[in-house]
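Just below is one structure, and these are the notes that go with it.
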Amino acid sequence: MARGTIVIDVDRCKGCELCTTVCPQGILQMSQGGFNARGYRPVELVDPEGKCTGCTLCALICPDVVLTVYRYDPRRAQVVD
Amino acid sequence: MARELWKGNEAIAEAAIRAGLEAYFGYPITPQTELLEYMSARMPALGRVFLQAESEVASINMVYGAASGGARAMSSSSSPGISLMQEGLSYIAGSEIPAVLVDIMRGGPGLGNIQPSQADYFQMTRSAGHGDFHPIVLAPSTVQEAVDIMYDAFPLAEKYRTIVIVAADGSLGQMMEPAEMPPMRSVLTEAERGAWAVRGAAGRPKNVITSLFLNEQELETLNLRLQEKLKTIQMNEQRWEEVETEDARYLLVAYGTVGRTCKTTLREARKQGHKVGLFRPISLWPFPTPRLRELADQVRAVLVVEMSAGQMLDDVRLAVEGRCPVEFYGRMGGVMPLPDEILEALAEVEAKVKAEVEAKVKAKVDTKVLSLNLNL
Amino acid sequence: MADRNEITQEMVLEQGNVVYQRPEALAETLTHYCPGCTHGIIHRLIAEAIDELGIREKTILVAPVGCAVLIYNYFDVDAVEAAHGRAPAMATGLKRTQPDKVVLTYQGDGDLAAIGTAEILHAANRGENISVFFVNNAVYGMTSGQMAPTTLPGQVTTSTPTGRDVKVHGYPMRMAEIIAGLPGACYVARRAVYDVRTVRQARKAVMTALKTQLAGLGLSMVEFLSSCPTNWHMTPVDALTWIKDNMAPYFPLGDYKVADEVQALQ
């Protein structure tokens with residue numbers, strides 16, 4: 001299974017929570033800490049076990065292009081090595 | 001080019017085509033429709049765009065679209081249709097897009113009738129739509145003059161990135177007269193189009209044409225720029241014709257076809273020994289105020305003649321500023337004033353002026369006598 | 001082979017590749033839309049299609065009046081701002097004088113289905129070769145929530161305080177079906193953006209619409225059922241559910257016109 005992650009442009013997030021409802025791994029939540037520059041509570045990736053597969057569902061539903069999704073597929077990497 | 005017999009509406013259409021018109025959008029309305037019909041045949045034949053739209057509202061917005069792309073585009077209509085176009089005109093003015101519109105005025109208000117009229121003067125020169133803006137308004141009085149003005153309208157609109165309205169009345173649109181057509185010029189080349197035009201952001205930052213400025217400072221800045229442009233237009237683009245004003249004691253002021261009627265009136269008056277001149281504004285906006293003001297110092301009275309209740313009358317009064325009496329003779333509802341009616345009006349003005357002069361002289365004499373009595 | 005658990009996030013970032021990012025045709029400017037407003041998703045789908053078709057440099061966008069009035073700030077394409085409801089007329093003027101350009105309008109339900117009905121009907125009837133992206137969120141958003149032509153029966157808005165009464169305010173207008181009935185319209189579809197599945201379907205419809213225009217076939221229109229959390233007084237998440245449960249039944253998703261030539265494109 002590919003291994004992925006996301007980069008969150010924190011200050012773009014308007015705290016709408018849509019992404020948290022579509023993540024199959026349930027590793028997105030609204031930050032319990034502070035607010036972003038616009039005063040919204042932004043989304044946070046909490047993925048200690050590295051469950052993110054880079055499936056891009058969160059980015060598909062995000063209205064503000066907050067999330068950039070990366071994917072690293074070890075099998076393909078092996079071919080490259 | 002030879003002089004040929006032309007119907008006003010068709011001559012105006014052909015002149016626009018020769019000026020490199022790329023797109024015509026219009027809607028049928030008497031007394032302007034022959035202009036549209038002429039376009040419907042000629043434009044496609046030249047591989048140019050002709051479209052009869054679903055309304056005047058759509059027509060002016062199609063012009064706005066084509067012109068935003070840097071194309072020479074125009075529409076034409078008559079009074080009620082022009083009312084429908086006012087929102088579009090305001091957007092075009094607010095985004096400084098060059099566009100040309102022909103208004104063949106008809107009797108109003110409301111459905112009015114299809115007879116000639118000049119009752120849309122205010123609509124074009126005071127409020128062609130919401131907000132502070134003024135299209136350039138040019139009023140031909142002959143078919144030839146309409147052709148010349150039309151040919152010049154596009155470069156003029158592009159020079160200032162503004163709207164030019166060619167304002168005629170139903171009689172000019174419908175009459176036939178000999179006229180000579182200017183040479184055909186081709187459609188604008190890419191290089192000739194405005195750099196602001198939206199033609200696809202290829203190899204350059206995007207162009208955005210909008211009249212929306214939510215920030216009030218920005219909108220004021222735009223308005224200041226528009227006002228500056230209007231001052232420049234006022235300085236450079238005033239046009240008028242004078243007939244026998246050198247020794248005139250009385251001045252007729254009239255535009256368009258009424259201006260022509262006044263020429264006949266003037267010839268008749270001169271025969272009867274009256275020193276009458278004619279001042280015929282061709283640019284209704286910018287109004288030729290300075291020159292009229294000079295003439296007001298020279299004449300005893302001004303008689304304004306219009307096919308309306310008196311609208312250019314206001315601009316004449318502003319120009320004359322009390323230097324001499326300004327009288328008015330008008331016909332409405334599509335009735336065209338005839339020379340002898342104007343002669344009568346002129347006679348009344350002369351009588352009135354003479355009466356006032358005598359009254360003043362008499363008053364002066366009385367005071368003199370009074371003072372003599374006192375001295376005795 | 002590195003075990004899946006040993007791969008750290010840093011490794012993914014350094015050695016992995018980007019599988020999703022902002023499309024080039026979408027400007028970086030953050031939109032003014034309310035949190036969770038799906039205008040943002042629809043903008044992105046159109047930008048993605050423009051990128052995929054490589055037409056950014058020959059696209060001209062006609063902006064409406066309404067929430068999307070500032071759309072020209074959010075796309076990196078040439079754009080013009082039309083008067084309320086007049087975008088199809090402006091697009092007609094642009095497309096007829098620049099037939100080689102891709103001309104698209106983006107309009108809300110007030111813009112297209114109320115004040116601009118004549119313009120869209122006649123543009124479609126003439127088969128103008130433009131693409132119309134029509135966002136139906138059942139209210140006037142920019143002016144804070146009045147009844148729109150597509151407001152549902154019984155729906156409370158700031159101008160139907162006791163709910164839309166069809167006997168007084170008429171019925172919600174189904175524009176996809178109406179436009180599909182005109183011969184000049186050769187691709188008309190209604191999509192929604194209330195979950196990942198519908199977002200994917202919506203993106204396909206956008207592609208088909210633009211391909212229809214590129215093939216010069218005639219008018220293409222995609223109606224999107226979209227949300228308005230602020231004026232529906234709902235959370236963004238509930239608003240998406242509201243589309244599915246309330247709007248979609250009245251405005252069924254699907255293809256309403258697919259001319260044969262368009263069929264061949266898909």
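Here is the naming used below: chain letters follow the sequence lines, and residue numbers restart at 1 for every chain.
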Exercise. Should the heavy atoms of other residues, nucleotides or ligands under 6.0 Å from OH of Tyr171(C) be counted, would the total exceed 12?
Worked result: no
Exercise. Which answer fits Arg199(B), side chain, backbone, both or neither, if we ask what part of it has an atom under 4.5 Å from a heavy atom of chain C?
Worked result: both
Problem set entry | Chi angles and distances behind the side chain to side chain donor-acceptor pair (under 3.5 Å) call for Gln146(C), Thr157(C) | CA-CA 5 Å; Gln146(C) 294 73 29; Thr157(C) 72; over 6 Å; no
For this session: Between chain C and each of Val63(B), Asn207(B), Leu214(B), count heavy-atom pairs under 4.5 Å; write down the option with the most.
Result: Asn207(B)
Problem set entry | Candidate pair Thr38(C) and Tyr33(C), rule side-chain contact (heavy atoms from CB on, under 4.5 Å), full reasoning | CA-CA 9 Å; Thr38(C) 46; Tyr33(C) 300 120; over 6 Å; no
Exercise. Picking from Glu81(C), His84(C), Gln98(C), which has the most non-hydrogen pairs under 4.5 angstrom with chain B?
Worked result: Gln98(C)
Seminar exercise, completed: Smallest heavy-atom separation, Cys186(C) atom then Val262(C) atom, equals O-CG2, 3.4 Å
Problem set entry | Proximal component of Ala71(B), with respect to chain C [non-hydrogen, under 4.5 Å] | side chain
Exercise. Given side chains that start at C-beta, do those of Met39(B) and Met74(B) come closer than 4.5 Å, heavy atoms only?
Worked result: yes
Seminar exercise, completed: Applying a strict 4.5 Å limit to non-hydrogen atoms, the region of Tyr91(B) in contact with chain C is side chain
For this session: Measure distances from Ile60(B) to the heavy atoms of chain C and classify the residue's part below 4.5 Å as side chain, backbone, both or neither.
Result: neither
For this session: Before accepting this row, confirm whether a basic side-chain N of the pair Arg204(B)/Asp78(C) lies closer than 4.0 Å to the acidic partner's carboxylate O.
Result: yes
Problem set entry | Which atoms of Ala197(B) approach chain C - backbone, side chain, both or neither, heavy atom under 4.5 Å | backbone
Exercise. Does Tyr106(C) have its ring centroid less than 6.0 Å away from the ring centroid of Tyr74(C)?
Worked result: no
Exercise. Do Arg190(C)'s NZ or CZ and the ring of Tyr256(C) fall within the cation-pi criteria of under 6.0 Å and 45°?
Worked result: yes
For this session: For Leu35(B) and Tyr24(B), work out which heavy atoms get closest and say how close.
Result: CD2-CE1, 3.8 Å
Problem set entry | Nearest heavy atoms of Ala13(B) and Tyr38(B), plus distance in Å | CB-CD2, 3.4 Å
Problem set entry | Residues of residues 209-219 of chain C near chain B, each having a heavy atom less than 4.5 Å away | none
Problem set entry | Options Thr92(C), Asn73(C), Val103(C), Thr97(C), ranked by heavy-atom pairs under 4.5 Å with chain B, top entry | Thr97(C)
For this session: Answer yes or no: are there more than 12 heavy-atom neighbours, outside Ile114(B) itself, under 6.0 Å from its atom CD1?
Result: no
Problem set entry | Greater than 12 external heavy atoms within 6.0 Å of Glu28(C)'s CD | no
For this session: Would you mind telling me which of Thr210(B), Val198(B), Val187(B) has the largest number of heavy-atom pairs within less than 4.5 Å of chain C?
Result: Val198(B)
Exercise. Does Glu220(B) CD have over 12 foreign heavy atoms under 6.0 Å away?
Worked result: no
Exercise. Contact part of Val49(B) toward chain C, heavy-atom cut-off under 4.5 Å: side chain, backbone, both or neither?
Worked result: side chain
Seminar exercise, completed: Checking Arg193(B), Arg185(B), Arg48(B) against Arg72(B) for side chain to side chain contact (heavy atoms under 4.5 Å, CB included), the one that qualifies is Arg185(B)
For this session: Could you check if a side-chain atom of Arg225(B) sits within less than 4.5 angstrom of a side-chain atom of Leu222(B), using non-hydrogen atoms only?
Result: yes
Exercise. Are there residues of residues 113-130 of chain C that reach to under 4.5 Å of chain B by heavy atoms, and which ones?
Worked result: Ala118(C), Glu119(C), His122(C), Arg126(C), Glu128(C)
Exercise. So how far is it from Glu22(B) CD to Leu46(B) CG, rounded to the nearest 0.5 Å?
Worked result: 12.0 Å
Exercise. Would Glu218(B) and Thr221(B) count as having a side-chain donor-acceptor pair, cut-off 3.5 Å?
Worked result: no
Problem set entry | Closest heavy-atom pair and its distance - Lys206(B), Tyr72(C) | NZ-O, 2.5 Å
Problem set entry | Positions in residues 55-68 of chain C that reach chain B, provided some heavy atom is under 4.5 Å away | Arg56(C), Glu57(C), Lys58(C), Thr59(C), Ile60(C), Val65(C)
Problem set entry | Heavy-atom contact with chain B under 4.5 Å, split by part of Ala82(C) | backbone
Seminar exercise, completed: Expected contact set for residues 132-141 of chain C against chain B at heavy-atom separation under 4.5 Å reads none
Problem set entry | Residue pair Arg44(C), Ile41(C): steps toward the side-chain contact (heavy atoms from CB on, under 4.5 Å) verdict | CA-CA 5 Å; Arg44(C) 199 195 65 234; Ile41(C) 297 176; 4.2 Å; yes
For this session: Might you point out which heavy atoms bring Gly85(C) and Asp111(C) nearest each other, and give the distance in Å?
Result: N-OD1, 2.9 Å
Exercise. Please walk me through it: do Leu101(B) and Ile82(B) pass side-chain contact (heavy atoms from CB on, under 4.5 Å)?
Worked result: CA-CA 9 Å; Leu101(B) 178 64; Ile82(B) 303 294; 3.8 Å; yes
Exercise. Does a donor on one side chain sit under 3.5 Å from an acceptor on the other, for Gln52(B) and Ser40(B)?
Worked result: no
